[in-house]
Amino acid sequence: MILVGGANVYPAEVEAALDEHPQVISSCVIGLPDDDYGNVVHAIVQTPRPLDSSELDAFLRSRLATYKRPRTYEFVATPLRGDDGKVRRTALRTERLAQRV
């Protein structure tokens, strides 16, 4: 669970909405620290071709409340899931936090 400005955001709910997009292979949603909200929703998205974040945001507008939609997107070509089919959310978050320092 990600606490965003006092509201609970469940990563699985956001990932399910992202995965409905025809160009999204897989997604992982993590919370990144924010001075104003405590955390913001950050989406790591695996796509077969380059995709614009505004296209994904427009897609999610009818599927998720505003506070649940990712504030930032990161597009990757590498698989987000391990051999067991699970997303390593903690490892992905740790990598992103280390890059911010």
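All values below come from the heavy atoms of this structure, side chains included, with hydrogens, waters and symmetry mates left out. Just so we're clear, the structure is a prediction, and the values are computed from it rather than from any experiment.
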- request: Tell me whether I25 is reachable from L80 by hopping between hydrophobic residues (I, L, V, M, F, W, Y) whose side-chain heavy atoms are closer than 4.5 Å.
  value: no
Hydrophobic cluster membership, V41 vs L3, 4.5 Å side-chain cutoff = no
Contacts of H42 meeting ring pair (Phe, Tyr, Trp, His ring centres under 6.0 Å) (sequence neighbours excluded), chain-then-number -> none
Hits for ring pair (Phe, Tyr, Trp, His ring centres under 6.0 Å) against Y37, two or more places apart or cross-chain, chain-then-number order -> none
Taking all atoms of both residues into account, what is the closest heavy-atom pair of [X] and [Y], and its distance?
X: V87; Y: C28; answer: CG1-SG, 3.2 Å
X: S26; Y: D19; answer: C-OD1, 3.8 Å
X: L51; Y: T47; answer: CD2-CG2, 3.9 Å
X: K86; Y: D84; answer: N-OD1, 3.1 Å
X: Y73; Y: S53; answer: CD1-CB, 3.5 Å

In this structure, CD of E95 is separated from CZ of R88 (nearest 0.5 Å) by 12.5 Å
d(D52 CG, Q23 CD) to nearest 0.5 Å is 13.0 Å
Applying side chain to side chain donor-acceptor pair (under 3.5 Å), can you list everything that pairs with [X], at least two apart in sequence or on another chain?
X: R61; answer: D57
X: D83; answer: none
X: R93; answer: none

Side-chain contact, heavy-atom cut-off 4.5 Å: F75 with L56? yes
Measure from the side-chain N and O atoms of R100 to the backbone N and O of L32, and report whether any donor-acceptor pair falls under 3.5 Å.
no
Discussion item. Working note: I44 + R96, criterion side-chain contact (heavy atoms from CB on, under 4.5 Å); need CA distance, chi angles, decisive distance, verdict.
Written reply: CA-CA 10 Å; I44 305 166; R96 275 45 185 195; 3.7 Å; yes
Which donor-acceptor pairs under 3.5 Å do side chains of residues 4-18 form with protein atoms, sequence neighbours excluded?
from: E13; atom 1: OE1; to: K68; atom 2: NZ; distance (Å): 3.1
from: E13; atom 1: OE2; to: K68; atom 2: NZ; distance (Å): 3.0
from: E15; atom 1: OE2; to: V29; atom 2: N; distance (Å): 2.8
from: E15; atom 1: OE2; to: R89; atom 2: NH1; distance (Å): 2.5
from: E15; atom 1: OE2; to: R89; atom 2: NH2; distance (Å): 3.4

*Kindly determine whether R81 and Q46 satisfy side-chain contact (heavy atoms from CB on, under 4.5 Å), including the steps that lead there.*
CA-CA 10 Å; R81 299 184 182 278; Q46 179 189 2; over 6 Å; no
